[in-house]
Structure formats: structure tokens, C-alpha cells
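Read the structure below first, then the notes.
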Amino acid sequence: MIALREAWLAGLFRRGNWLPNLVSGVIVGVVALPLAMAFAIASGAKPEQGLYTAIVAGLAVSLFGGSRLQIAGPTGAFIVGLSAITARYGIDGLQIATLMAGLILLAMGLTRLGSVIRFIPAPVIVGFTAGIGVIIFVGQWRDFFGLEHFHEKFWHLLQALPQWHPATTALALGSLLVVVGAPRVRWLHRIPGPLVALVVATTVQALCGFDGVATIGSAFGGLPRGLPAPTLPEVTLARVIELAGPAFTIAMLGAIESLLSAVVADGMAGTRHDSNQELVGQGIANILAPLFGGFAATGAIARTATNVRNGGNGPLAGVVHALTLVMVLLFLAPLAASVPLATLAAILFVVAYNMSEVRHFARMVRRAPRADVAILLITVTLTVLTDLVVAVNIGVILAMLQFLRRMSASVEVAHQDALEIERELGTAGGDQGGLPMRMPPGVMVYSIEGPFFFGAVETCERALVQTHTDPRVLLIRLGRVPFMDMTGMQTLEAVIGTLRKRGVAVVLAEANGRVRPKLARAGVLAVLGEENYADSLADAARRCSVLAGDAGI
């Protein structure tokens with residue numbers, strides 16, 4: 001309810017804000033109409049189920065989400081995963097997986113994991129969205145060309161092309177031209193291109209009645225009027241176990257897509273969303289949607305952007321968007337029987353192109369570091385050729401490994417000479433009798449700079465153990481170590497033990513307020529000896545003097 005509360009406090013429910021949100025909500029509802037049906041059919045569901053999803057999920061996210069601008073519903077990003085789930089487990093399996101995904105999203109929001117999801121690297125996000133765009137594009141060729149025998153493999157598609165249906169293809173090409181061209185016509189630019197194409201193509205098919213053209217009426221029997229009564233899917237323990245993987249896939253993709261959409265809305269409108277509350281809203285939406293015959297939903301970037309562009313500034317626009325679709329179901333459902341599936345395929349062609357972000361993809365390939373380009377291309381390839389979950393998992397793992405490599409390379413173990421130490425001691429005021437304090441002979445000083453974690457231990461261990469000529473005392477300065485993990489502390493303990501066997505005493509100094517308690521808790525200071533730890537360089541110099549057998553400093 002955070003978005004509602006913020007909108008109320010901002011005065012967005014005052015009468016002066018009603019009109020912009022009402023207008024924007026109606027426009028977004030009109031935009032959502034063809035998209036919801038197209039996404040449903042592409043996901044293996046019925047067209048009305050896409051509308052149910054947009055209504056129920058859109059209303060829930062507007063009321064319970066963390067962004068007052070978010071518009072939710074079925075999206076293109078889900079098509080690949082949902083169609084695979086539907087093909088394997090049926091529509092009831094998809095609805096159970098959606099319900100489970102809603103519970104996962106709800107748990108993620110309540111445990112405040114919203115900020116963690118945003119750390120998925122850009123090459124992975126761009127890679128899998130581009131891959132999804134390619135799959136949607138290829139997958140819609142069946143309806144676009146009116147192919148009867150088609151398996152969603154590119155080679156089979158090429159073999160089936162000679163069977164294309166002329167009337168279907170003509171309607172599809174005309175629809176595609178209208179979707180792309182309508183926004184460029186002065187008196188049509190305010191009307192969404194997909195809606196113009198839907199009206200034109202449906203009118204042509206209703207008047208001409210082309211034989212062999214698949215429509216919503218011929219394929220699905222048309223649209224029923226109104227929302228169905230709520231029903232609970234038949235959930236059993238066996239089904240829950242079977243659908244755990246698909247549910248997690250839906251939840252992760254839904255979390256990523258919804259938070260990306262919220263970030264886009266913030267950038268356009270200058271607002272700030274609550275990522276954890278947004279996941280709570282998405283969880284509630286995905287719990288409710290399958291109860292009313294719908295399926296998985298998430299924040300829709302294109303519809304959310306349309307909402308902002310048309311003056312929507314509060315949750316009222318999202319509510320009106322849902323009510324607009326309810327009105328369509330109640331009063332215009334019979335007209336949907338003549339909607340050609342080829343027109344919906346043409347709309348998805350444009351969606352696929354926009355999702356693939358060709359210009360952004362090409363710019364990233366040209367300008368990004370080579371390692372990021374490799375991650376991008378691997379993610380795209382795996383998305384197209386294998387599985388979305390595999391692609392995202394491997395992309396994230398590769399990005400993490402690359403990050404660890406860069407972090408470990410940034411850690412330095414620097415040797416400090418006597419003159420440098422003397423200068424520091426004098427600047428710090430460590431003097432006796434007016435003479436600057438010095439480090440006694442036989443003491444070697446190393447300063448570690450950067451995080452001392454498992455990815456950097458090899459560098460640090462090699463530098464500390466291989467001191468070439470063994471000194472009497474080795475002073476290790478930790479003042480520039482921001483944090484240290486367990487592997488780093490174990491390595492440090494091992495280095496202390498190795499050097500002691502060689503007759504080298506070790507002194508640690510200057511650990512910050514986070515690192516020192518960890519060293520004590522891990523037992524490193526006990527192994528070292530509390531007397532061999534110093535909070536300052538001056539105290540460390542005195543201790544080194546004692547260990548080196550030199551009483552004068």
C-alpha cells in the first residue's frame with residue numbers, strides 16, 4: 001500500500017489529478033487489449049486469459065505495489081518460459097506455477113530482497129531480453145504466414161515456408177505496416193498503433209471473410225463476457241514438487257522485469273519506488289491472477305512508459321486501465337471473434353523488435369569491455385538455443401566470476417621502505433626527544449590495500465610468504481583493508497604459522513573497526529598473540545623494536 005499512501009500524501013487523489021489519470025488509464029487499457037491477447041496466445045493460453053491477467057494483476061499491483069506508476073499484466077518477457085511450461089504441464093500446471101511464484105515473490109518482498117535483484121549485470125539483462133525477442137520473432141511466423149504444420153524450430157520453419165497462406169500473409173503484412181506506420185500519421189499518432197491494426201484487420205476480415213484465415217473465433221471460439229468466478233487450482237504435493245523449478249523461473253523473471261519497469265518509470269517521472277513493496281505487490285498479483293483464470297504477470301515496461309507519457313501520475317491510472325479492460329469484456333467481447341491471429345502475430349513482431357533493443361545491443365557490443373561483450377553474447381546464444389533459466393544462471397555466474405577477477409586484481413600488497421615509514425611516523429607525531437621515530441633494523445613492512453577476500457588470497461599469500469630474505473619481524477598493515485572474509489582470515493593465520501616456522505615474528509596493525517573484531521572472533525589474534533597487534537603505526541613500531549631486540553627507537 002506504499003504507492004497508495006505516497007500518492008495520497010502527494011495530493012494525487014485530489015479532483016484536479018483525476019482527469020490526467022483517467023485519460024492515461026483508458027489509453028493504457030486500449031494499448032493493453034491486443035497485447036494481452038497476443039501474449040496469452042503465444043504463451044499457450046486462451047486470449048481471454050490474457051485479459052483476465054491484465055485486469056486482476058494490473059489492479060493488484062496498482063493497489064499494493066511499490067511504484068505508483070507501474071502497469072502490470074502479461075508481458076513478452078514471459079512468453080518463452082510460459083509457453084514451455086504450458087506445453088509440458090498444461091494450462092493448469094502454468095496456473096499452479098504462477099500461484100507458487102506469487103508466494104515466492106511475496107516472501108522475497110517481505111524478506112527485503114528487492115535491492116538484491118537489481119544487482120544483476122546489464123549484459124545479462126540485455127542478453128536474455130534480446131534472446132527472448134529473437135525467440136518471439138521466430139515463434140510467431142506460424143500465425144504470420146498461416147503455416148499449418150510448424151514446430152518452433154528455425155529449420156522446420158524454413159522448410160514450411162512454401163506452405164504459406166496468401167490471405168493470412170497479406171493481412172499480417174498490412175497489420176505490420178499499420179502498427180509501424182500509424183504513429184507517423186498526424187491524425188493517428190495519438191492512437192496506439194496495435195489498436196489501429198487490430199480494428200482495421202478485424203474489419204477487413206469481418207467484411208471479406210477470407211477462407212483459411214485463423215481468427216480468435218475459429219481458434220478459440222471467441223471471448224466470453226465478464227470475469228470468471230474465482231476457483232482454486234488443484235494443488236497437490238506432487239504438483240508442487242514438480243512445478244518448483246518453473247515457479248522459481250517465473251518469480252525470478254517477474255522480479256527482474258517488474259523492478260526494471262519501476263526504474264524506467266522513476267527515470268521518466270522523477271519518482272522513487274520501493275523495490276521490496278513492489279515485489280510484495282507482484283506477489284499478490286500472481287497469487288490472485290490464477291484464481292480468476294489468469295497466469296503469470298509482471299510490470300510491463302512499454303505500458304508503464306505509455307502511462308507516464310500520457311499524464312498518469314498515480315495508482316488511479318492503473319485502476320482505470322484494469323476497469324477499461326473489464327468494459328471491453330462486458331460490451332465488446334463478441335466483436336473479437338473476427339480478430340485475425342496474423343494481426344496479433346504482427347503486433348508481437350514489433351514487440352519482439354522493441355524487446356531486442358537492437359541499437360542498444362549493437363552499442364554495447366561496440367563499446368563495452370571485451371569480457372562484458374562475451375557475457376552478453378553467451379547469454380543471448382544460450383537463451384535462443386537452450387533455456388532462459390540456464391542462460392540467466394550462467395550469465396550471472398560468469399559476471400560474478402569476472403567481477404571477482406577484477407576485484408582480486410585490484411588488491412595490492414605493497415612493500416614500504418624505511419624512509420617512507422620514517423616520514424609517516426614523523427608526520428603522526430611519533431617522536432622521542434625531538435628525534436623522529438624509526439622502524440628498527442630487521443623489520444620488513446607490507447601494506448595490504450583492498451578487500452582481503454577469497455579471490456585475493458593467492459596474491460596476498462604469495463607476497464607475504466615469499467619475502468626472499470627473511471626479516472626478524474614482518475609488520476602487516478591492514479589500515480586500507482575495508483573488509484576481510486573467512487578465507488582471508490584463514491590465509492592470514494596460515495601465513496603467520498608459516499613465517500613463525502621460519503623464525504619470523506609477525507605484527508598486525510591498524511585494522512579498522514569492522515576487521516579487528518572479526519580477527520579476534522576468528523582466533524587470528526589469539527594465534528598471533530594480543531601483544532603483537534597494534535592500533536597505530538607508532539605502537540606497531542614500538543612492538544617491532546621489542547621483537548627485533550632493539551630497545552632504541
Side-chain angles (χ1 to χ4, degrees), residues 31 34-35 38-39 42 74-81 83 120-145 152-154 157-158 161 172-173 175-184 189 192-194 197 253 256-257 259-261 263-265 267-268 298-306 308-309 342-388 391-392 394-396 398-399:
V31 171
L35 293 177
F39 292 148
T75 67
F78 272 149
I79 288 176
V80 178
S83 60
I120 295 179
V124 178
I125 293 173
V126 174
F128 81 71
T129 52
I132 289 170
V134 172
I135 295 172
I136 293 173
F137 180 75
V138 174
Q140 291 306 304
W141 281 29
R142 175 186 60 184
D143 290 331
F144 193 91
F145 291 104
E152 292 185 5
K153 301 291 182 183
F154 189 68
L157 171 66
L158 294 178
L161 272 178
L173 288 172
S175 300
L176 185 61
L177 289 174
V178 173
V179 172
V180 176
R184 303 180 183 181
H189 74 281
L253 190 55
I256 295 168
E257 188 78 3
L259 294 180
L260 277 177
S261 179
V263 169
V264 170
M268 295 178 67
T298 186
I301 296 176
R303 275 160 276 172
T304 300
T306 302
V308 178
R309 289 194 195 101
T343 299
L344 298 180
I347 292 170
L348 286 181
F349 270 15
V350 178
V351 170
Y353 177 81
N354 292 334
M355 278 191 67
S356 62
E357 294 184 302
V358 175
R359 294 179 182 176
H360 182 49
F361 185 93
R363 186 165 59 251
M364 186 173 284
V365 170
R366 289 197 309 268
R367 299 180 181 178
R370 285 180 294 179
D372 290 337
V373 172
I375 292 170
L376 172 68
L377 296 178
I378 289 171
T379 305
V380 171
T381 304
L382 290 175
T383 301
V384 173
L385 299 181
T386 60
D387 179 72
L388 180 61
V392 173
I394 291 180
V396 169
L398 290 175

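Everything numeric in this text was worked out from a predicted model, so none of it was measured.
Annotation for Gly76 and Met355: closest pair C-SD, 3.8 Å, computed over non-hydrogen atoms. Across all non-hydrogen atoms, the minimal contact from Val179 to Ala197 is CG2-CB, 3.4 Å. When all heavy atoms of Val124 and Val392 are compared, the closest pair comes out as CG1-O, 4.2 Å.
When side chains are defined from C-beta on, Val350 counts as touching Leu176, because their heavy atoms get closer than 4.5 Å.
A donor-acceptor distance shorter than 3.5 angstrom exists from the side chain of Thr306 to the backbone of Ala302, with no hydrogens or angles considered.
Atom OG1 in Thr304 sits 11.5 Å away from atom CG in Leu260 (nearest 0.5 Å). With rounding to the nearest 0.5 Å, the separation of CZ in Phe78 from CG in Leu253 is 5.0 Å. For the atom pair OG of Ser356 and CG of Asn354, the computed distance is 7.5 Å after rounding to the nearest 0.5 Å. One finds the CD1 atom of Ile394 at 8.5 Å from the OG1 atom of Thr379 (value rounded to the nearest 0.5 Å).
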Please set out all donor-acceptor pairs under 3.5 angstrom arising from side-chain atoms of residues 357-373, sequence neighbours excluded.
| residue | atom | partner | partner atom | Å |
| --- | --- | --- | --- | --- |
| His360 | ND1 | Arg363 | NH2 | 3.3 |

Please tabulate, for the side chains in residues 342-349, all donor-acceptor contacts under 3.5 angstrom to protein atoms that are two or more places apart in sequence or on a different chain.
| residue | atom | partner | partner atom | Å |
| --- | --- | --- | --- | --- |
| Thr343 | OG1 | Ser175 | OG | 2.9 |

Under 3.5 Å, which donor-acceptor pairs do the side chains of residues 127-137 form with other protein atoms, sequence neighbours left out?
| residue | atom | partner | partner atom | Å |
| --- | --- | --- | --- | --- |
| Thr129 | OG1 | Ile125 | O | 2.8 |
| Thr129 | OG1 | Val126 | O | 3.0 |

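Between Thr75 and Thr298, the side chains place no donor N or O within less than 3.5 Å of an acceptor N or O (distance only, hydrogens not considered).
Scanning for side-chain hydrogen bond (donor to acceptor under 3.5 Å, both in side chains) contacts around Thr383 gives an empty result, with sequence neighbours left out. For Val264, the side chain to side chain contact (heavy atoms under 4.5 Å, CB included) partners are Met268, Ile301, not counting sequence neighbours. Evaluation of the side chain to side chain contact (heavy atoms under 4.5 Å, CB included) rule for Leu173 yields Phe144, Thr169 as partners, not counting sequence neighbours.
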